[in-house]
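The next block holds one structure in the form of structure tokens; read it before the comments.
Letters A, B, ... are given to chains in the order of the sequence lines, protein chains preceding strands, and every chain is numbered from 1.
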Amino acid sequence: MTELRYIRAVNMALADAMEADPTVVLIGEDVSEAGGAFGASRGLRERFGEARVLDTPISEGAIAGMAVGAAMSGLRPVLEIMFMDFTTLVMDAMVNQAAKARFMFGGQASVPMVLRTPHGGGLGAGPQHSQCLEAWFAHVPGLKVVCPSDPASAYGLLRAAIDDPDPVVVIENKALYAMKADVEGTPPVLPIGKAVIRRAGTDATVVAYGAAVRTAIAAADTLAERGVSVEVLDLLSLQPWDEAAVLASLSRTHRLVIVHEAVEAFGIGAEIAARMAQIGFDELDGPIMRVGAPFMPVPFSKGLEDAYLPSAAGVVRAIEKTME
Amino acid sequence: MTELRYIRAVNMALADAMEADPTVVLIGEDVSEAGGAFGASRGLRERFGEARVLDTPISEGAIAGMAVGAAMSGLRPVLEIMFMDFTTLVMDAMVNQAAKARFMFGGQASVPMVLRTPHGGGLGAGPQHSQCLEAWFAHVPGLKVVCPSDPASAYGLLRAAIDDPDPVVVIENKALYAMKADVEGTPPVLPIGKAVIRRAGTDATVVAYGAAVRTAIAAADTLAERGVSVEVLDLLSLQPWDEAAVLASLSRTHRLVIVHEAVEAFGIGAEIAARMAQIGFDELDGPIMRVGAPFMPVPFSKGLEDAYLPSAAGVVRAIEKTME
Amino acid sequence: MAIRPPIPDAADPAAPAGGPSREALLALYRKLLTVRRAEERLGTLFSDGEVPGFIHLSIGQEAVSVGIMSALGDADTIASTHRGHGHAIAKGMPLEGFFSELLARDEGLCRGRGGSMHVADMSVGMLGANGIVGAGLSIALGSALAHKTLGRDACAVAFFGDGALAEGLVHECMNLAALWKLPLLFVCENNGWGEFLPTSKQLSFRLADLAATYGIAHRLVDGNDVVAVAAAAEAVVPGIRAGSGPAVLECMTTRVRGHFEGDAQKYRDPDEIEALAARDPLRISAERLAGMGSNDADLSLAAEEVEAAVETALTVARSGRAPDFAAALADVYTGAA
Amino acid sequence: MAIRPPIPDAADPAAPAGGPSREALLALYRKLLTVRRAEERLGTLFSDGEVPGFIHLSIGQEAVSVGIMSALGDADTIASTHRGHGHAIAKGMPLEGFFSELLARDEGLCRGRGGSMHVADMSVGMLGANGIVGAGLSIALGSALAHKTLGRDACAVAFFGDGALAEGLVHECMNLAALWKLPLLFVCENNGWGEFLPTSKQLSFRLADLAATYGIAHRLVDGNDVVAVAAAAEAVVPGIRAGSGPAVLECMTTRVRGHFEGDAQKYRDPDEIEALAARDPLRISAERLAGMGSNDADLSLAAEEVEAAVETALTVARSGRAPDFAAALADVYTGAA
Ligand SMILES: Cc1ncc(C[n+]2csc(CCOP(=O)(O)OP(=O)(O)O)c2C)c(N)n1
Ligand SMILES: Cc1ncc(C[n+]2csc(CCOP(=O)(O)OP(=O)(O)O)c2C)c(N)n1
Ligand SMILES: [Mg+2]
Ligand SMILES: [Mg+2]
């Protein structure tokens with residue numbers, strides 16, 4: 001067993017993918033000489049050369065479009081956008097180009113690119129450096145979206161994303177970068193679209209992803225002390241997401257709560273709730289509850305930000321509510 | 001009674017707002033000399049002068065940011081983005097600037113700007129000129145989003161949007177521009193956030209907005225012949241949306257179907273379904289059904305596009321399904 | 001509000017040194033004619049309601065497509081614009097696949113899902129027309145990066161209009177291409193218009209100055225003279241492939257039709273449109289051919305052959321299948337079918 | 001991969017003609033000192049954990065803020081960057097409101113919701129620092145449009161770094177400002193760095209050439225000499241207000257600290273950092289003052305007063321209230337509270 005940090009798992013996945021496939025290149029602001037704003041690509045320039053680890057000017061629109069064109073011409077670019085908030089500048093490349101190329105060219109082309117970007121608050125980084133915007137990407141046919149919750153999934157999903165023939169958005173959580181876990185050798189490549197049960201339970205299902213998985217587990221721990229058995233399902237993939245796994249869990253527990261750090265309204269949880277209110281309707285013994293951020297920008301003040309972020313207590317209340 | 005076309009209603013709303021408030025200016029590509037790609041601003045340059053109706057270069061990012069800055073400095077800009085697909089290029093201005101200014105500056109500033117843009121298919125315009133991306137904007141705290149369904153609401157909501165002190169995204173549907181309706185004088189300004197019952201009914205509620213309202217009414221007509229009484233609720237506003245009206249209707253009919261032209265997955269309907277699966281859970285006598293576009297880009301071929309767009313038959317099937 | 005006429009409207013009149021042989025020019029002429037006839041046919045199909053959507057014809061601009069492509073091979077890649085029929089056909093997209101696409105048939109190269117604004121043929125390095133003004137620049141930039149990184153002896157070409165010069169992406173891509181010395185040729189088709197407004201009201205600058213700012217070589221080319229365009233392309237493409245860095249060709253050309261079919265061009269002086277006949281790329285080439293000793297029979301033979309090829313392709317296209325919805329839905333992702 | 005050093009590293013050495021009086025210069029010096037002390041204090045507050053988030057100090061660059069603002073009035077507006085403390089304080093944001101914001105107090109001008117990257121004071125025309133590189137350019141563009149449309153005798157100023165020059169928005173905004181002759185002053189703070197990489201590796205061009213392309217007047221200014229900056233601003237601002245169109249001031253300056261606090265600058269030559277002391281804006285101004293007959297007592301009095309003002313503001317800020325969550329939630333939209 002060795003201890004692996006989340007950010008180091010990302011770094012390993014990049015290194016292993018570059019080792020395995022000479023067409024994998026890294027593109028982004030400060031990814032090369034500096035090794036990435038959060039250190040994800042540290043050492044890779046030295047190992048693979050500056051032609052494969054490219055420091056770019058501050059030109060998000062162009063480098064995203066460049067990744068699309070490069071992917072259509074034989075490379076497998078992994079693009080880093082330093083904060084998910086800045087993906088506002090790459091929407092055209094991702095949505096009108098990358099997502100649609102395969103379909104609109106009649107299957108002639110595929111776009112094997114990856115966009116890595118960190119979301120999430122907790123660092124006091126304020127309204128323009130903390131947003132969770134994954135629901136935008138999940139709404140776009142042609143994109144895939146994954147969101148690892150720990151070092152092993154950070155490795156396994158990033159490897160899968162780089163291997164994937166289609167564009168994949170890999171969302172990391174800044175607050176998880178320092179997270180450590182024990183792993184046995186190299187973590188396995190994970191299938192895109194499969195959820196994992198992080199904690200088995202029988203009374204209620206909590207679906208979460210990314211940093212909210214920890215919150216969900218903390219809530220489950222609290223309720224376990226009160227004799228309530230909560231199942232925590234880690235989605236891992238948001239598009240496609242594992243509908244079958246959610247339905248199966250709901251069919252066992254008959255209660256559903258969905259948790260994420262993104263704004264609750266029109267977030268990822270809305271789709272999961274909506275789907276279950278259709279295909280899982282007969283299994284539901286209580287209202288479907290969601291726990292997400294309130295409808296406001298991410299505030300700077302620590303106190304406000306703490307109140308803003310979904311909490312284990314909030315998840316406990318939601319579970320209690322649906323079990324009423 | 002006079003006959004009013006949808007596009008003419010937009011034109012009237014712009015003219016009346018400019019007449020009422022000298023700080024209202026129109027900004028966009030081909031809005032001035034050409035009167036707008038779809039004719040929304042026809043005649044306004046002649047009437048209000050070129051200083052208030054501004055033809056811009058093809059620089060969506062800059063003109064959107066310019067609208068934000070102008071709104072912070074005393075103007076009320078109404079920005080036209082020619083196709084909603086091109087709003088991919090204004091996400092930073094709308095999301096990181098317009099939406100957050102008031103909050104992140106502690107209430108010192110407000111951003112009274114309007115972004116008008118047409119969405120929707122049916123014209124064979126293909127994957128990059130047909131998308132319905134309203135769910136992105138509805139997910140962003142600080143923005144408001146409205147979507148008129150007929151000439152009167154096109155007038156009433158646009159007037160309200162221009163009067164509003166905060167940024168409002170007004171989404172028109174290209175396929176509705178030619179729609180005509182009889183109106184009595186000038187239509188009233190409509191409150192943002194209020195839905196309207198377009199057809200009363202008792203057996204099931206269909207929630208729709210924009211062009212899908214027609215689809216919903218057609219489905220209701222079909223079912224009326226079979227003795228099923230369907231209520232059609234036109235949301236009109238998507239952010240904030242009229243939760244109370246949806247819940248009230250659901251509480252009468254106990255069956256809920258949501259229809260829109262946008263992609264079903266992670267669309268506007270997801271939030272409505274999710275909310276009702278929580279606060280309306282006890283009222284539900286059947287699964288919540290959604291009818292939206294399938295998970296694919298909007299195809300060019302007429303045949304494919306017809307199959308892609310939500311149909312009255314599809315809505316009928318959904319209603320029947322939840323009434324099973 | 002425009003300050004000064006930003007783009008000179010006269011192209012470099014200097015005739016290229018040592019032009020093509022008569023046979024070579026006749027081949028170019030035939031290509032010009034192919035693009036022209038195909039588009040004219042599309043125009044009638046559109047007004048007959050046989051082709052849906054928005055279609056932007058490149059009539060009057062064919063010499064840019066044909067001239068540039070004459071310097072390219074299949075390994076070279078191009079990214080195109082909303083006005084991309086000429087680029088596609090000149091790059092080698094077969095007419096059947098082209099018409100089948102425009103008629104939304106399953107046999108279309110994009111299986112009827114893309115249409116006019118998305119014609120593409122990856123097998124000949126045509127990476128697609130594009131409905132987003134400016135987007136093709138960054139696609140070509142990426143393709144150039146791939147050529148360089150993978151050590152290919154190839155060049156990527158970005159086509160764009162003068163209106164697209166206002167997009168920030170132009171600046172980002174030119175900076176990047178110059179900074180990294182990418183094998184990228186920028187081809188601006190300067191027709192003086194962006195939709196319904198002269199670009200003199202949209203731009204405060206000249207492309208020549210912008211290119212010079214980045215240290216990118218720029219040439220002004222008579223975009224209606226296929227010989228001039230071909231010569232300019234041949235002058236820069238080998239160097240670009242060899243690693244000398246990007247170049248810009250600014251091709252002064254003429255949009256004869258409306259912005260899209262159905263646009264009656266009421267905003268344009270009828271005299272101006274009429275005067276365009278004198279600069280017709282076909283006429284210019286025909287006159288050159290005549291000067292080189294070609295007779296009318298050569299030209300009419302070419303015309304007949306092209307006509308026949310277009311009609312045959314159209315007949316094939318018309319007999320094609322309608323695309324299948326389930327197949328389309330299954331093809332959003334690779335291997336999902 | 002950079003081709004050539006894009007930005008000259010020596011600023012225009014010509015001393016401005018007819019400089020300020022000693023009193024005026026002393027006032028500027030005091031402002032420089034205020035920004036410096038406030039930021040130094042922030043640095044210690046940050047390392048003590050009293051200020052959260054990312055903070056980017058403008059130490060070494062204060063003369064740009066102070067010099068430009070000396071030519072502006074309250075009706076003039078500015079849009080700033082992620083490195084915006086100096087802009088805010090120099091434009092007139094009160095120290096209490098400033099420190100209260102950085103300490104996330106309800107009395108902060110942004111009520112503790114924005115923090116370092118969003119300091120703003122609309123009452124003095126400071127439209128906000130900005131966490132998005134380049135975004136301030138378009139905000140200032142819009143403000144300039146408002147000034148012009150509403151007939152105000154005012155100028156808008158866009159501050160941006162040299163790294164921001166790679167954003168497409170720069171090109172779009174310069175084109176628009178030139179095309180419409182907007183009352184907009186572009187102020188580039190050229191410190192040679194964009195985060196951890198020299199901008200010579202990010203840019204293939206010089207701002208002087210880019211500005212010339214749009215026909216915008218450009219001046220290279222010693223950004224560490226407040227007198228030079230003030231003179232350059234005074235030379236262009238009245239004309240801009242009067243409708244002569246935009247101008248660019250490129251202020252060559254020095255980032256002394258890391259990109260943000262906590263950045264140890266390992267990527268930078270220690271000698272280079274040490275050499276910056278010679279170009280310290282405070283030192284340059286102090287020497288000028290000495291040359292004009294100010295004695296050490298003048299300067300230490302100023303230092304004491306500034307020190308006291310900063311500490312008083314900080315004490316006030318520390319005693320402030322924590323912001324209330326419900327109030328914040330109710331203030332996302334106007335009048336919702
Ligand atoms: C990003 C974007 N903005 C606006 C449009 C609408 N539009 C299509 S073509 C065009 C004009 C383009 O002018 P130019 O680049 O000169 O090409 P031309 O049509 O003259 O060939 C515009 C504004 C678009 N398709 N994409
Ligand atoms: C759109 C965007 N891209 C990237 C960043 C991350 N970032 C913050 S500051 C910075 C460097 C800016 O350099 P410059 O404009 O020269 O300003 P300086 O820091 O030197 O003052 C970068 C890349 C950002 N904040 N916004
Ligand atoms: Mg043009
Ligand atoms: Mg800098």
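Heavy-atom pairs under 4.5 Å with chain A peak, among B:Thr87, B:Leu284, B:Ile279, B:Ile258, at B:Leu284. Comparing B:Met104, B:Met289, B:Arg290 by heavy-atom pairs within less than 4.5 Å of chain A, the highest count is held by B:Arg290. Among B:Asp85, B:Asn96, B:Leu89, the residue with the largest count of heavy-atom pairs under 4.5 Å with chain A is B:Asn96. Annotation: maximal heavy-atom pairing with chain B below 4.5 Å, among A:Gln97, A:Lys100, A:Lys321, A:Met94, occurs at A:Lys100. With chain B as partner, the option from A:Val298, A:Val140, A:Ile288, A:Leu133 having the largest number of non-hydrogen pairs under 4.5 angstrom is A:Ile288. Between chain B and the residues A:Ala274, A:Pro297, A:Ala273, the largest count of heavy-atom pairs under 4.5 Å involves A:Pro297.
For the pair B:Val263 and A:Pro141, the minimum side-chain heavy-atom distance is below 4.5 Å. Taking 4.5 Å as the limit, some side-chain heavy atom of A:Trp241 sits within range of a side-chain heavy atom of B:Phe266. Taking the side chain as every heavy atom from C-beta outward, B:Asp285 and A:Phe281 never approach each other to under 4.5 Å.
Atoms CZ and CG, from B:Phe295 and A:Leu143 in turn, are 7.5 Å apart once rounded to the nearest 0.5 Å. Of the inter-residue distances, the one linking A:Thr322 atom OG1 with B:Gln278 atom CD reads 9.0 Å to the nearest 0.5 angstrom.
Of all the heavy atoms in A:Asp92 and B:Thr88, the pair that sits closest is OD1-OG1, 2.7 Å. In plain terms, the two heavy atoms of A:Val95 and B:Gln131 that are nearest each other are CG1-OE1, 3.6 Å. Counting all heavy atoms, side chain and backbone alike, A:His139 lies closest to B:Gly267 at CE1-CA, 3.5 Å.
Contacts of B:Leu238 with chain A are made by backbone atoms alone, with heavy-atom separations under 4.5 Å and no side-chain atom involved. There is no contact between B:Ile272 and chain A, counting heavy-atom distances below 4.5 Å. If you measure heavy-atom distances from B:Leu256 to chain A, you find no contacts under 4.5 Å at all. For A:Ile268, the parts lying under 4.5 angstrom from a heavy atom of chain B are both the backbone and the side chain. For B:Glu264, the parts lying near chain A are the backbone and the side chain together; criterion is any non-hydrogen pair under 4.5 Å. Only the side chain of B:Phe103 comes within contact range of chain A, with at least one heavy atom under 4.5 Å from a heavy atom of that chain. Looking at A:Val90, neither its backbone nor its side chain comes within 4.5 Å of chain B, counting heavy atoms on both sides.
Annotation for A:Lys302: atom NZ counts as buried by contact number, over 12 foreign heavy atoms lying within 6.0 Å.
At distances below 3.5 Å, not a single donor-acceptor pair connects side-chain atoms of A:Glu271 with backbone N or O atoms of B:Ala270.
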